Amino acid sequence: MTHNAPGTPARVIPIAVDTGTAYGRPAPTYKKDLAEVGPGTPMGELLRRYWHPVGLAADASDTPRKVRVLGEDLILFRDKGGRPGLVYPNCAHRGTSLYYGKVEERGIRCCYHGWLFDVQGHCVEQPCEPEGGRARGKVRQPWYPVQELYGLIWAYMGPPEKKPLLPRYECLETLEPGEFLEADDSSIGGGGPQIIPCNWLQHYENLVDPFHVVVLHSSFSGTQFVPQMAVMPEVTWDTTDISVRTLSLRKLPDGTTLRRISEAGLPTLRVIPSPRIGRYGMVESLGWVLPIDDHHFRIYVVGRVQEQGELHRMRSRLGGKLWEELTEEEHQQFPGDHEAMVSQGVIAKHSEEHLASSDRGIVMLRRLLQKQLDTVAAGGDPAGVSFAASALPVKFSAGNFLET
């Protein structure tokens with residue numbers, strides 16, 4: 001305690017003020033134009049200019065299947081003639097869900113009054129109406145075009161006059177002897193369950209962040225891939241017409257150099273060579289990050305394999321256990337991509353970011369996306385769409401390469 005002489009003013013002892021606390025911080029915001037995917041949003045309209053996988057080929061069957069894509073609820077089915085269809089769920093008659101419908105030779109029949117719609121939404125029968133519905137030709141169930149390729153069902157959900165060709169990809173067209181294509185819907189690369197409860201952009205941006213492989217997947221949570229991935233790489237990025245490309249050079253203990261090229265391709269492609277480095281050469285698989293809505297996404301993958309089930313075995317494991325088999329304590333002690341992404345929130349708080357030099361790829365990817373948003377808003381066609389039947393398969397430079 002400080003004592004002052006009589007008649008002298010008291011000496012004031014300054015009290016240290018805490019700084020940088022969370023008190024009074026502004027409400028966080030996010031980049032809506034990049035994150036939100038519903039109809040009428042900038043990103044929603046951009047993504048609707050491309051084809052997206054909405055299921056495995058086997059998912060389109062004579063049992064109606066609910067799917068949610070870009071914030072829209074739809075019904076996927078395959079008529080008895082083998083044609084896949086994707087329609088708005090509520091019957092154009094009185095709104096009963098076609099999820100309860102019956103699939104027949106010519107289409108899907110509503111359970112309520114039996115109206116029958118073909119895969120393009122034409123009403124072909126109204127059994128309760130005279131002559132099977134004299135005005136049935138005036139009714140159309142909303143629908144979307146679908147195609148099958150690489151073991152997946154693809155849908156185009158954009159303006160009809162802007163529908164591009166469904167692209168093919170060189171790395172899936174060039175098969176070595178003994179190789180075949182396998183499709184997977186378990187969200188390989190997402191590090192968690194089939195449906196991942198956060199915004200799609202959080203995963204898409206993860207594709208151009210090579211440094212998290214060294215920290216999250218190696219030094220922090222142990223060797224989740226292979227020891228080579230723990231080597232700190234020398235990294236550069238560049239932008240192509242349709243991707244942001246990451247070049248990572250790792251100088252290995254034996255004197256060789258692992259040259260690893262990965263890409264985030266338009267519109268949502270994971271062009272990521274295997275982090276387990278089972279073989280060298282061009283990328284073995286492609287993944288499509290499908291935004292289910294603003295708060296959920298999933299990943300469809302197609303790859304070149306030599307054994308059935310090889311692709312599914314690529315799912316991340318810890319001590320032989322899959323993500324859903326781990327305890328909460330193990331999730332906390334050994335986090336992976338799922339924990340890193342989902343813990344950011346259902347949509348990352350972009351206003352609270354402090355990007356650094358190692359985040360250059362993320363900045364470049366956001367600029368690439370913004371460029372496409374601006375192009376579409378101005379009435380143009382985004383990069384990576386083609387309307388020419390003579391278009392060559394899309395080629396990427398991604399892969400794992402060993403240099404001596």
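As the structure is a prediction and not an experimental result, all values here were calculated from the model. FYI, the numbering just counts along the sequence from 1.
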Side chain to side chain contact (heavy atoms under 4.5 Å, CB included) assessment of Arg270 paired with Asn206: CA-CA 10 Å; Arg270 288 176 42 89; Asn206 192 55; 5.9 Å; no
All salt bridge (Lys or Arg N to Asp or Glu O under 4.0 Å) counterparts of Asp33, not counting sequence neighbours: none
Any side-chain heavy-atom pair of Val208 and Met364 under 4.5 Å: no
Row check, Tyr99 ring normal vs Lys66 NZ/CZ: under 6.0 Å, within 45°: yes
Pair His296-Arg68, side-chain donor/acceptor within less than 3.5 Å: no
Near-ring test Trp323/His338, centroid separation under 6.0 angstrom: yes
Short side-chain to backbone donor-acceptor contact, Gln141 and Phe117, under 3.5 Å: no
Sequence-distant partners of Arg109, salt bridge (Lys or Arg N to Asp or Glu O under 4.0 Å), two or more places apart: Glu104, Glu125
Cationic N near anionic O, under 4.0 Å, Arg106 to Asp79: no
Side chains of Asp381 and Thr375 in contact at under 4.5 Å (non-hydrogen atoms): no
N/O donor-acceptor pair under 3.5 Å between Gln372 side chain and Leu368 backbone: yes
Any pair counted as ring-ring contact (aromatic ring centres under 6.0 Å, His included), so long as it reaches residues 167-187, sequence neighbours left out: Tyr169-Trp288
Between side-chain atoms of residues 396-404 and protein atoms elsewhere (two or more places apart, or another chain), which donor-acceptor pairs fall under 3.5 Å?
residue	atom	partner	partner atom	Å
Ser397	OG	Arg245	NH1	3.0
Ser397	OG	Glu263	OE2	3.4
Asn400	OD1	Arg260	NH1	2.9
Asn400	ND2	Ser274	O	2.9
Glu403	OE2	Arg259	NE	2.5

Modelled atom types, side-chain donor and acceptor of Tyr144 and Glu72, under 3.5 Å: yes
Arg168: salt bridge (Lys or Arg N to Asp or Glu O under 4.0 Å) partners, not counting sequence neighbours: Glu173
Side chain to side chain contact (heavy atoms under 4.5 Å, CB included) assessment of Val214 paired with Met229: CA-CA 6 Å; Val214 180; Met229 291 293 100; over 6 Å; no
His212 and Asp337 side chains, donor-acceptor separation under 3.5 Å: yes
Aromatic centroids of His203 and Phe297 separated by under 6.0 Å: yes
By salt bridge (Lys or Arg N to Asp or Glu O under 4.0 Å) - contacts of Glu307 (at least two apart): Arg313
